[in-house]
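It should be emphasised that the depicted structure is a prediction, and the values quoted were computed from it without experimental measurement.
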Amino acid sequence: MASPAAPGGTAPAAPAAVPNLALSSYDPSTGTAVLAPSGCSAPAARTATRAATATAAIQPGELIDSPPTPAAPHGALLAVTGVQPAADGSVAVSTRPATLPELLGGSSASLHSAVDPGSFQVQPQIKGLQISTDLGLGSGQGTISGGLGLTANATVPLPGGASAALSGSVELDPSIDFSYQGGFAGIDPQQARVGFALGAHADWHVSAGLTGSVPVKIPLATFSAAPVVMVGALPVVINLNFTLSADISADGTVTVDAEQSYDGTWGVHSDYVKGSGWTTTTDPGTSTVSPLQFSISAAASVKAGLLAEGSIALYDTIGVKASIEPYLRAAATGSLSVSTANPTPVVNGSLALYGGLDINGALMARLAILGTPILEQDLPFLAFHREWQIASLGSAQSAAPGVTWTPLNSSTGDDNLSAYLKTRPDWDLGAAKSSCPDDSRLIGLSFGSDAGLCTNATTAGLWDASHAYVVDHGGTYVGSDWAPGYAKDQCPAGSFVTGFSRNGRTMGVLCAKSATPLGTSTRTVWFNSSDNRPSAASGGDFAYGSYKGQCADDEYIAGFAYSEPWYELWAARPYALLCQKLS
């Protein structure tokens, strides 16, 4: 589509009053393009007439805004610099790359949109891979609601003559973020955003014998789509690409058989504000990974993960790239087998088993298409890393059945893991909130984010069978000033904290009635200026990059104190925990 736009104009470009043209060829190295009337059945005389009309109408400075075509697989946004008729009646033009401000002027748009699974092109990278666009209800632990899916059952070669057996199912639910607010006189934007989110559900099984310390990444499939979003009457082309890989590594010689379940959503976006420049934000979402089966035999450490690498581009200019890897990591001497069918496995030797989540990536500094300042290198953003301990066993020990460490995060929406509360009315309407699984209690909070940590260590099933609970705002049950100068939420005697909420400058505490008598010995744990956790704290880094407070395994949170940091006066943050003995 050819669209005229005066450089520096405040209005978006309008469609040209010329015959309907399509980009039939384009050479990015020279900027030469050919436009031909769409449709191939018109008589030659009529085609020549239309081409002559187009040649006369198209002028230097007008724009070509093309959706993806064989000539430009990623779409094209070009400014015409010269026009001449071609011998076959089409129109040849010389071009330069154009920018969105030239196309959109002072207009604005904001959207978060799911990408149609059927629009993806999928390239299998291993044999035995089956592709579907709606998996329906899966047979694994994850809840699969429909999307872009794959199933695999294959054996792939590894370096050194070894091999790995891979099987399982993965379902992806991708979406895109795009916003644009044009600047005065259409020179550059006042604000822009480009990013993507990915929901995923997987049950994944890898079995391999590994030697050495070199990580092995096995590409499974690549996914690509080019959705076109409309800003008024003008299309903007967004290109989304993912590569899914099995990632396994070992330190030593090890035999591993790992089956993991993953459920979650995550995202990354880069934002531009005129005067401040670019910032990139990682949204770790509510990702969880857990073992369905894990067997290891070695004196070594091993890691098995499912790696998703993605990028989003405007036309052919990449904007953001990122990767996520939920994984299981074990350090063992001897052998161990963990299985959902066997809740009390026995270790011959010692083992520590962890679940983890890594997110890495960068804003690509080549976003010239947005008309923003160009840098010469990528801008890495803060990586996200969370790891939590699943089991720690010594020789001839059995795993304590049901011991769990569950991270919470309500930074992007409610994170309610209580099965009982999901059947009840909203326990703090209008607030962002998190609640622990029904057999767990809250044991940790973060200062700089809406993250927490739950466990049932030492005492499981602490909630009374009646499931009685209360929500406190403003210290109704505070008996002494254990955090002078700060607002406090506290549970009544005989109850423990199992959830927390935040509504702007106030916070709330969810208190569950205890099934057994609780202790009375308390202490205040401050964590607003540094981590304050037990020296051998379990649960991993549940709030990467933020200060964290955590009670001991034989304690529970009875309340917390909060205020607003000087740099974030609109958001309450917890500063201290009231830790109390379980008995």
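- Side-chain contact check for R441 versus V497: every heavy-atom pair is 4.5 Å or farther apart.
- Using a 4.5 Å heavy-atom cutoff, the side chains of F242 and L198 are in contact.
- Taking the six-membered ring for Trp and the full ring otherwise, the centers of F560 and Y575 sit at least 6.0 Å from each other.
- In this model, a donor atom of one side chain and an acceptor atom of the other lie less than 3.5 Å apart for S418 and D438.
- Counting heavy atoms from C-beta on, the side chains of R424 and Y469 come closer than 4.5 Å.
- In this pair, H467 and W463 present their aromatic rings perpendicular. The plane angle is above 60°, beyond the 30 to 60° band.
- If you check the side chains of Y477 and Q490, you find no donor sitting under 3.5 Å from an acceptor.
- D428 and H473 form a side-chain donor-acceptor contact under 3.5 Å, judged by distance and modelled atom types alone.
- A side chain to side chain donor-acceptor pair (under 3.5 Å) with K433 is found for one member of D426, D450, D415 and no other, namely D426.
- With 3.5 Å as the limit, one finds no donor-acceptor pair spanning the side chains of D177 and H269.
- Of all heavy-atom pairs spanning G475 and D489, the tightest one is N-OD1, 3.8 Å.
- Shown here for P407 and L417, the closest heavy-atom pair between the two residues is O-CD1, 4.4 Å.
- If you take CG on L240 and CD1 on I312, they are separated by 5.5 Å, rounding to the nearest 0.5 Å.
- Aromatic ring centroids of W526 and F447 lie 6.0 Å or more apart.
- With hydrogens and angles left out, the side-chain atoms of Q191 and S179 include a donor and acceptor closer than 3.5 Å.
- Shortest non-hydrogen contact noted between W482 and L577 is CZ3-C, 4.1 Å.
- For the residue pair S466/D464, the side-chain donor-acceptor check at 3.5 Å is satisfied.
- Side-chain contact of D203 with H205: a donor-acceptor pair under 3.5 Å is absent, judged by distance alone.
- Side-chain contact annotation: S435 with N416, donor-acceptor N/O pair under 3.5 Å present.
- Taking CD1 of I248 as the start and CG of L307 as the end, the distance is 12.5 Å to the nearest 0.5 Å.
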Task: Residue pair E309, K217: steps toward the salt bridge (Lys or Arg N to Asp or Glu O under 4.0 Å) verdict - done: CA-CA 12 Å; E309 299 167 289; K217 185 170 71 173; 3.4 Å; yes
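- Here S110 contributes atom OG and Q181 contributes atom CD; the two are 10.0 Å apart, rounded to the nearest 0.5 Å.
- The two residues S446 and P574 make their nearest non-hydrogen contact at O-CG, 3.2 Å.
- R573 contributes atom CZ, which lies 13.5 Å from atom CZ of R505 (distance to the nearest 0.5 angstrom).
- Between S501 and A431, the closest heavy-atom pair is CB-CB, 4.0 Å.
- Shortest non-hydrogen contact noted between Q580 and A558 is OE1-CB, 3.4 Å.
- Under 3.5 Å, the side chains of D472 and T476 contain a donor-acceptor pair of N or O atoms.
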